[in-house]
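Contents: one structure, followed by commentary.
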Amino acid sequence: MLELRPGYAKVRMADRRAVRNHLDSIHAVALANLAEVTSGLAVTTGLPARARGIPVTLSITYLKKARGPMTAEARCQIPDASREAEHDFESVISNAAGEVVARATVRWRIGPPAQ
């Protein structure tokens, strides 16, 4: 975790053998996991303590091979959690040179606690 506040998260992932694929780059699913957790941190840190959120869809576009440490950033407006609704949040993943390697949209269902 590099930075965290309501509506913003910046997370770094190291490039390790465990997250590499057969093309010697970071595996697509590792990037998707990074995008999802970053979006979730950005939104859930601003929700009321008893609100709940769960990702329901994730769409990701891979723009170039991911090598080296990756940094994901997510910015969002904190939604109203008093009623259940779905909201899309974007995570952008960049390499150490600042080049965007992937963009993800994560749809979160957010609302009050289940009764």
Side-chain angles (χ1 to χ4, degrees):
M1 176 71 55
L2 297 175
E3 197 172 337
L4 179 63
R5 62 182 180 271
Y8 180 78
K10 186 174 186 179
V11 178
R12 178 165 294 143
M13 180 177 73
D15 184 349
R16 314 182 313 280
R17 181 166 163 53
V19 297
R20 288 226 163 199
N21 60 24
H22 66 287
L23 301 173
D24 201 31
S25 60
I26 296 176
H27 195 283
V29 175
L31 293 172
N33 283 333
L34 177 61
E36 185 271 331
V37 76
T38 304
S39 73
L41 287 167
V43 70
T44 59
T45 58
L47 293 176
R50 297 205 20 92
R52 62 188 174 103
I54 187 166
V56 294
T57 63
L58 184 145
S59 172
I60 188 164
T61 302
Y62 303 100
L63 303 168
K64 64 184 309 170
K65 287 185 181 175
R67 293 193 172 113
M70 295 291 118
T71 301
E73 287 186 271
R75 290 177 173 82
C76 67
Q77 294 289 348
I78 303 301
D80 175 10
S82 66
R83 61 179 184 79
E84 190 167 302
E86 293 184 1
H87 307 272
D88 290 341
F89 303 109
E90 183 181 56
S91 289
V92 178
I93 303 172
S94 302
N95 61 21
E99 301 167 311
V100 175
V101 299
R103 290 182 183 278
T105 300
V106 186
R107 177 166 288 172
W108 283 79
R109 182 173 297 136
I110 295 172
Q115 299 297 331

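Ala66 and Val101 make their closest contact through CB-CG2, 4.2 Å (heavy atoms, listed as atom of the first residue, atom of the second, distance). Scanning all heavy atoms of the two residues, the minimum distance from Thr45 to Arg5 falls at OG1-O, 3.4 Å. The nearest pair of heavy atoms linking Ala42 to Ile78 is O-CD1, 3.7 Å. Contact detail for Ala32 and Leu58: the closest heavy-atom pair is O-CD1, 3.7 Å. Closest non-hydrogen pair, Met13 versus Ala30, comes out as SD-O, 4.2 Å. The two residues Arg52 and Pro112 have their closest heavy-atom pair at NE-O, 2.9 Å.
Between the CD1 atom of Ile93 and the OG1 atom of Thr61 there is a distance of 11.0 Å, given to the nearest 0.5 Å. Between Ile26 atom CD1 and Arg16 atom CZ the span is 9.0 Å, to the nearest 0.5 Å. To the nearest 0.5 Å, atom CZ of residue Arg75 and atom OG of residue Ser91 are 11.0 Å apart. How far CD of Glu86 is from CD1 of Ile54: 10.5 Å, rounded to the nearest 0.5 Å. Atom CD1 of Ile110 sits about 5.0 Å away from atom CG of Leu47, to the nearest 0.5 Å. Taken to the nearest 0.5 Å, the CD1 atom of Ile60 stands 6.0 Å off from the CG atom of Leu31.
Every residue meeting the side chain to side chain contact (heavy atoms under 4.5 Å, CB included) condition with Glu99, not counting sequence neighbours, appears here in chain and number order: Lys64, Asn95, Ala97. The salt bridge (charged side-chain N to carboxylate O under 4.0 Å, His left out) search around Arg20 returns Asp15, Asp24, not counting sequence neighbours.
More than 12 heavy atoms of other shown residues, nucleotides or ligands fall within 6.0 angstrom of atom CD in Glu3.
Identified under the side chain to side chain donor-acceptor pair (under 3.5 Å) test for residues 27-42, with sequence neighbours left out: Ser39-Trp108.
Think of Leu63 as one node in a network of Ile, Leu, Val, Met, Phe, Trp and Tyr side chains linked at under 4.5 Å; its network also takes in Val92, Val100. The hydrophobic side chain of Val29 is isolated, with no ILVMFWY side chain under 4.5 Å apart from it. Grouped with Leu23 in a hydrophobic cluster is no other residue, since no side-chain heavy-atom contact under 4.5 Å to another Ile, Leu, Val, Met, Phe, Trp or Tyr is found.
Follow the hydrophobic side-chain contacts under 4.5 Å out from Leu2 and you never reach Tyr8; the two are in separate clusters.
Panel note: side chain Arg107, backbone Asp88; no donor-acceptor pair is recorded below 3.5 Å.
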Pair His87, Val43 - check side chain to side chain contact (heavy atoms under 4.5 Å, CB included), show working. CA-CA 10 Å; His87 307 272; Val43 70; over 6 Å; no
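Counting heavy atoms from C-beta on, the side chains of Pro79 and Phe89 come closer than 4.5 Å.
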